[in-house]
Amino acid sequence: MKINVTLPDGSVRQYEEGVSAMDVARSISEGLARNVLSAKVNGEVRDAGRPLPGDCTLQLLTWNDAEGKATLWHSSAHLMAEALEALYPGTKFGIGPPIENGFYYDVDFGDRAVGEGDFAAIEAKMKELAAKKEVFTRKEVSKADAIAYFTQKGDEYKLELLQDLPDGSITFYTQGDFTDLCRGPHLPDTSPIKAVKVLSMAGAYWRGDEKRKQLTRLYGITFPKQKELDDHLALLEEAKKRDHRKLGKELDLFTFSEKVGAGLPLWLPKGTALRERLINFMKNAQERDGYQQVATPHIGGKQLYVTSGHWEKYGKDSFRPITTPQEGEEFMLKPMNCPHHCEIFASRPRSYKDLPLRLAEFGTVYRYEQSGELHGLTRVRGFTQDDAHLFCRPDQVKEEFMKVIDLVLLVFRALSFEHYEAQISLRDQVDRSKYIGSEDNWNKAEQAIIEAAAERGLRTVVEYGEAAFYGPKLDFMVKDALGRRWQLGTIQVDYNLPERFELEYVGSDNGRHRPVMIHRAPFGSLERFIAVLIEHTAGKFPLWLTPEQAIVLPISDKFVDKAQAVTELLKTHDIRASVDERNEKIGRKIRDAELAKVPFMLIIGEKEAEAGTVSVREQAHGDLGAMTPVQFKELVDARIAQQMAGI
RNA sequence: GCCUUUGUAGCUCAGGGGUAGAGCACUUCCUUGGUAAGGAAGAGGUCCCGGGUUCAAUUCCCGGCAAAGGCUCCA
């Protein structure tokens, strides 16, 4: 019997029945065979060594495929487990999956203390075992046999996992002396695992349940080549250098105070200047798009949130209400701006001619976050959203969406986030019971989002069941300079709040209609956005945004007056500049300005004082030569225009 | 919130049962130097906070608080 195997390029090859993906690879080339880690057969990832099931489509997976990497890392998790069992007999094993960058294994060392000091030994053992070219053997076992095996081994975690598995679908994988309950797939053998690093360890609850025992989670990563491991470690090192918490301190952007409280950032003058510039940028863009700024207080009556439904849903996990001393009235710190904005909408009768009504506010909101979850500026308890609510007719949703998409893309371009994608979150395809709003409106809105995204040429993924109960949404993800993904802006349709606040407008038919509300925040929150921006740019902000564009460096005390005069001149030309008046040598001043990432250094000595020029040095680039302050201003303008080209 | 680790000068960190150190930053003086660290002197600490053990605690123990890495959660 022959079988037909269809390869990704569409070609069909014939093989004897029982042929494996690896055999197919070898028939194409030995080099390819050496690189095959696993195979996708009819869309399912399987061991490369397993016989093909018959006529099928086949994609050979290598290190260049995400699934190939996952296979290598999954097998590496088993390899680490084998090493741990060899080094620490009696260790019990939870689960050990591959993850985005590497893998982990949750283990129970019992009373044994294993720490970071033991990583080197674990790595050495893993390399030793990998070099033995141990073969991964797949075996189907009955549930009874599987239970017997782990009972004898005394591994209660695996026994618990087995309970949930139906008989007949259970497979074991064995390499060397280690056998694990596993669905697979795995590498043919351990030899592709060449470079090994155990990265970190942390506690993790068994099955993510905080009431259950905490296991030790060991994170690791492996590569087929040492060079790739070195590169990866260098990337981690670079990420550490760019950590916004570290750079925020070094660049004097923000700080935290124990007295003020955890998760409550204090913005320093330079950081505030940065914020203000982002805010103005957004305000200008929004003004062009017909938004109107509003301002609302930081607190709101508890009843407001009872009406909005947030009290019921989040009240108990939120900051407690504050009360007035005499009357005992309850107020909440506002966790969002929308209820306030709904009341502005409701403050007077609205006509369909008024719509869309776009109310924008840089509103600072307060949300209780668990103490363990706070993290720099990316997870805080008080933050400012570039919030706006668009009240519109159902037929306006699509157009409004497109305009908001344009606004988000404008932000990405202005801040050179070149890689981004969007996620469209729609209703669960089957269960529609949990959603509020009419079937008709949902269909319209979902369709509107899909079409708007398509018309703007967005790269999107559609996720069913990810919509909020009150409406579908579109979230933007950017990739930063190190390839890390961050979720930033969001656009959400909301049928719930107009309903709860009984918002209405009078239509052309003179009847009352319910508006649709769109929440949107292109930055998301300023705090989070700035954190991402810091890490993306390594603290070297675009010229239009940076707090200090130029620093004037007098060669000696004699030229301080001249330097100050130049600085004043630059300031009148809207260039943000200051003077380094310290009694230091020029080399020192340059070094400090370089480290502070000030884009331009203007050096003034005898030559320049006489010629009425400044010598311009660009950060990280070097000397640009002498020019007049006005010429420098033109240079800055040209650079900004260049950065903002096409915006 | 839970687990592990950490908390010493503005910053980065060393030290250790007898109330403390380095480098950088800061102040003053010398130096007036041309594209990535000039020299000297000085000032600066409730050793996170509160209890306990001890003749004596910054050090050991307990409890808080904060930070880091995870887990769980996120309008």
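So that the names make sense, note that chain A is the first sequence line, chain B the second, and so on, each numbered from 1. Predicted model, so just to flag it, every value in this text is computed and none were measured. The figures that follow rest on heavy atoms only: side chains count, while hydrogens, waters and symmetry mates do not.
Atom C1' of B:C49 sits at a distance of 24 Å from the matching atom of B:U12, rounded to the whole Å. Comparing B:U31 with B:A40, their C1' atoms sit 11 Å apart, to the nearest whole Å. Across B:U8 and B:A68, the matching P atoms stand 14 Å from one another, rounded to whole Å. Annotation: B:A37 and B:U59 have their C1' atoms spaced 36 Å apart (nearest Å). On the P atoms, B:U54 is 23 Å away from B:G64, given to the nearest whole Å. When the P atom is compared between B:A67 and B:A20, the two are found 30 Å apart, to the nearest whole Å. Distance noted for atom P between B:C48 and B:C11: 13 Å (whole Å). B:G21 and B:C26: their P atoms are spaced 23 Å apart (whole Å).
If you check residues 92-109 of chain A against RNA chain B, you find no residue with a heavy atom closer than 4.0 Å. Of the residues in residues 299-306 of chain A, none lies under 4.0 Å from RNA chain B by heavy-atom distance.
Between the side chains of A:E608 and A:S615, at least one donor-acceptor pair of N or O atoms lies under 3.5 Å. For the residue pair A:H519/A:Q492, the side-chain donor-acceptor check at 3.5 Å is not satisfied. Remark: the A:T296 side chain and the A:K334 side chain contain an N/O donor-acceptor pair separated by less than 3.5 Å. Checked by atom type, the side-chain pair A:W311/A:Q303 shows no donor-acceptor distance below 3.5 Å. Judged by distance alone, the side chains of A:Y495 and A:N441 never bring a donor and an acceptor atom under 3.5 Å apart. Defined by atom type and a distance below 3.5 Å, a donor-acceptor pair is missing between the side-chain atoms of A:E361 and A:Q385.
Between the side chain of A:R617 and the backbone N or O of A:D623 there is no donor-acceptor pair closer than 3.5 Å. Between the side chain of A:Q631 and the backbone N or O of A:T628, at least one donor-acceptor pair lies under 3.5 Å.
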Worksheet item: How would nucleotides 1-12 of chain B be written as a contact map, 5' to 3', with B for base contact, S for sugar-phosphate-only contact and - for no contact, using protein heavy atoms under 4.0 Å?
Response: BBB-------SS
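When rounded to the nearest whole Å, the span between CZ of A:F469 and C1' of B:C74 equals 14 Å. For the pair A:L264 CG and B:A66 P, the interatomic distance rounds to 10 Å; values are reported in whole Å. The interatomic distance linking A:L333 (CG) with B:A75 (C1') rounds to 15 Å, in whole Å. In this entry the distance linking NZ of A:K259 with P of B:A67 reads 15 Å, nearest Å. Atom CD of A:E608 and atom P of B:G34 are 12 Å apart (whole Å). In this structure, A:L236 places its CG atom 13 Å from C1' of B:G69, rounding to the nearest Å. If you take CE of A:M336 and P of B:C74, they are 14 Å apart, rounded to a whole angstrom. For A:L602 and B:G34, the CG to C1' distance is 15 Å, given to the nearest whole Å.
Here B:A67 sits opposite B:U5 as a Watson-Crick or G-U wobble pair (both hydrogen-bonding atom distances under 3.5 Å). In this structure B:G45 sits in no base pair that meets the Watson-Crick or G-U test at under 3.5 Å. Shown here, B:U53 forms no base pair; nothing in the strands shown gives a Watson-Crick or G-U wobble contact with both key distances under 3.5 Å. Pairing for B:A40 is with B:U28, a Watson-Crick or G-U wobble pair whose two hydrogen-bonding atom distances lie under 3.5 Å. Pair assignment for B:A22 gives B:U12, based on Watson-Crick or G-U wobble hydrogen-bonding distances that are each under 3.5 Å.
Listed candidates were B:A66, B:C71, B:A75. Nearest to the side chain of A:A262 is B:A66. For A:R217, counting side-chain heavy atoms from C-beta on, the closest listed nucleotide (B:G34, B:C73, B:C71) is B:C71. Taking every side-chain heavy atom of A:L595 into account, B:A36 is the closest of B:A36, B:U35, B:A75.
Salt bridge status for A:R212 with A:E160: present, with a side-chain N to carboxylate O gap under 4.0 Å. Taking 4.0 Å as the cut-off between side-chain N and carboxylate O, A:R485 and A:D480 do not count as a salt-bridged pair.
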If you restrict it to nitrogen or oxygen atoms, what contacts under 3.5 Å exist between nucleotides 43-47 of chain B and the protein, and what is each distance?
none

With the criterion being N/O to N/O and under 3.5 Å, what pairs connect the protein with nucleotides 29-31 of chain B, and how long is each?
unit_1	atom_1	unit_2	atom_2	d
B:U31	N3	A:N583	OD1	3.4
B:U31	N3	A:N583	ND2	3.1
B:U31	O4	A:N583	ND2	2.1

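A close approach under 4.0 Å does occur between a side-chain nitrogen or oxygen of A:R245 and OP1 or OP2 of B:A68. Put simply, A:H375 has no side-chain N or O that comes within less than 4.0 Å of OP1 or OP2 on B:A67.
Residue A:F256 is classed as having no contact, given no heavy-atom separation below 4.0 Å to the nucleic acid. Within 4.0 Å (heavy atoms only), A:K585 reaches at least one base atom of the nucleic acid. Across all strands shown, A:L374 has heavy atoms under 4.0 Å from sugar-phosphate atoms exclusively, and none from any base. As judged by a 4.0 angstrom heavy-atom cut-off over every strand, A:I586 is placed among residues touching the sugar-phosphate backbone only. Using a 4.0 Å heavy-atom cutoff across all strands shown, A:E584 reaches at least one base atom of the nucleic acid. Heavy atoms of A:S615 sit under 4.0 angstrom from at least one base atom.
Within 6.0 Å of the CD atom in A:E463, the count of heavy atoms belonging to other residues, nucleotides or ligands exceeds 12.
The ring pair (Phe, Tyr, Trp, His ring centres under 6.0 Å) check on A:F401 picks up nothing, with sequence neighbours excluded.
Ring geometry for A:H389 against A:F391 counts as tilted: the plane angle lies between 30° and 60°, on a 0 to 90° scale. Between A:F600 and A:F632, the ring planes lie perpendicular to each other; the angle is over 60°, past the 30° to 60° tilted range.
The line from NE2 of A:H244 to CZ of A:R528 is 9.5 Å long, rounded to the nearest 0.5 Å. The distance from atom CG of A:D494 to atom CD of A:E499, rounded to the nearest 0.5 Å, is 10.5 Å.
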Item to complete: Please report the C-alpha distance between A:F119 and A:L218 in whole Å, then the side-chain angles of each, then the deciding distance to 0.1 Å, and finally whether the side-chain contact (heavy atoms from CB on, under 4.5 Å) criterion is met.
Response: CA-CA 9 Å; A:F119 287 0; A:L218 281 167; 3.7 Å; yes
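Between A:E373 and the options A:R381, A:R379, A:R367, a salt bridge (Lys or Arg N to Asp or Glu O under 4.0 Å) holds for only A:R379. Of the candidates A:R427, A:R432, A:K473, A:R427 is the only one forming a salt bridge (Lys or Arg N to Asp or Glu O under 4.0 Å) with A:E446.
Taking the six-membered ring for Trp, A:F469 and A:Y435 have ring centres at least 6.0 Å apart.
In terms of position on RNA chain B, the residue among A:K313 and A:I590 whose nearest nucleotide sits closer to the 5' end is A:I590. Along RNA chain B, the nucleotide nearest A:G587 and the nucleotide nearest A:R582 are compared for position; the residue whose nucleotide lies closer to the 5' end is A:R582.
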